[in-house]
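To keep things clear, I will list the structure first and then write my remarks on it.
The first residue in the sequence is number 1, and the count goes up from there.
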Amino acid sequence: KNRDTLNSASSLRGFRDHFSVQVENNVQHLIGNYSGILGSCKIENKSKTMKNNLQIDAFATNIVRTGESLLGIIAQLKHIKLLNDFTSIETEALSKAEEYKQQSEISRAALKRLQNNISLALYELEDSYYSIHVVPEEEPENGDEMDVQ
């Protein structure tokens with residue numbers, strides 16, 4: 001288990017480093033393209049206007065591509081987080097198990113009280129029934145009869 005933890009920690013560090021480099025490169029591209037757009041916006045003469053418009057379009061396209069690349073990195077990071085976030089999954093499972101255990105204990109206590117109440121009610125009902133309906137005593141057998149005269 002320790003080796004797996006080390007491997008997963010080193011692979012996570014590798015992912016982190018890889019994505020950090022990608023993000024850094026994309027941010028630098030965004031800055032460069034934005035600076036290019038600002039630089040192309042300076043109109044020096046009318047003959048360069050068409051060229052400047054094409055450069056601005058190219059810079060804008062590059063900004064959109066870089067933004068899409070950053071969104072792709074974000075999606076990959078979310079995917080990795082979902083697949084490799086065992087601590088939060090384990091914490092959630094343990095908290096749910098504890099919650100279910102508490103609910104089970106509450107249910108068992110309620111069932112025990114219900115059992116006791118039903119037993120008491122049944123005992124009272126039985127007592128009441130037998131006190132109203134007195135069972136007649138058995139008649140003595142012929143040899144045991146005593147005639148009182």
Side-chain angles (χ1 to χ4, degrees), residues 1-42 52-149:
K1 182 176 178 178
N2 224 1
R3 187 171 13 130
D4 292 340
T5 304
L6 289 174
N7 287 338
S8 65
S10 65
S11 66
L12 287 176
R13 265 189 249 114
F15 281 129
R16 185 187 64 210
D17 294 343
H18 172 72
F19 286 118
S20 294
V21 168
Q22 279 188 332
V23 168
E24 186 68 31
N25 289 339
N26 285 331
V27 169
Q28 290 301 320
H29 281 72
L30 282 174
I31 292 170
N33 287 315
Y34 187 71
S35 298
I37 287 176
L38 292 177
S40 296
C41 287
K42 295 178 187 174
N52 287 348
N53 287 341
L54 290 174
Q55 285 179 340
I56 289 172
D57 286 344
F59 288 133
T61 303
N62 287 339
I63 287 175
V64 170
R65 279 192 205 134
T66 305
E68 289 174 348
S69 175
L70 286 171
L71 289 174
I73 291 170
I74 290 169
Q76 288 175 345
L77 289 172
K78 285 181 180 179
H79 186 73
I80 289 170
K81 171 94 169 118
L82 286 174
L83 293 178
N84 294 319
D85 192 14
F86 297 117
T87 56
S88 67
I89 293 170
E90 183 179 3
T91 303
E92 181 68 24
L94 289 175
S95 69
K96 286 290 185 186
E98 185 63 33
E99 182 181 324
Y100 294 144
K101 186 177 180 182
Q102 289 173 355
Q103 284 293 340
S104 173
E105 290 172 4
I106 291 169
S107 298
R108 285 176 196 233
L111 285 173
K112 188 67 175 169
R113 284 192 307 272
L114 185 61
Q115 179 187 12
N116 290 340
N117 290 341
I118 290 173
S119 294
L120 181 62
L122 195 58
Y123 177 74
E124 289 174 358
L125 184 63
E126 187 178 73
D127 189 40
S128 172
Y129 177 80
Y130 286 121
S131 67
I132 293 173
H133 297 89
V134 177
V135 179
E137 293 181 21
E138 293 181 19
E139 292 190 23
E141 294 181 17
N142 289 341
D144 294 337
E145 286 186 35
M146 278 172 77
D147 288 331
V148 177
Q149 294 184 2

What side-chain donor-acceptor pairs closer than 3.5 Å can you find for residues 56-74, not counting sequence neighbours?
from	atom 1	to	atom 2	distance (Å)
Thr61	OG1	Asp57	O	2.8
Asn62	OD1	Arg65	NH1	3.4
Asn62	ND2	Ala58	O	3.4
Thr66	OG1	Asn62	O	2.8
Ser69	OG	Asn26	ND2	3.0

If you count the non-hydrogen atoms of other residues, nucleotides and ligands that lie under 6.0 Å from OH in Tyr34, is the total more than 12?
no

Could you give the distance from CZ (Phe19) to CD (Gln22), rounded to the nearest 0.5 Å?
6.0 Å

Under 3.5 Å donor-acceptor, His29 side chain and Asn25 backbone:
yes

Is a side-chain N or O of Ser128 found less than 3.5 angstrom from the main chain of Glu124, in a donor-acceptor match?
no

Which pairs, with at least one residue in residues 102-117 and sequence neighbours excluded, count as a side-chain hydrogen bond (donor to acceptor under 3.5 Å, both in side chains)?
Ser104-Arg108

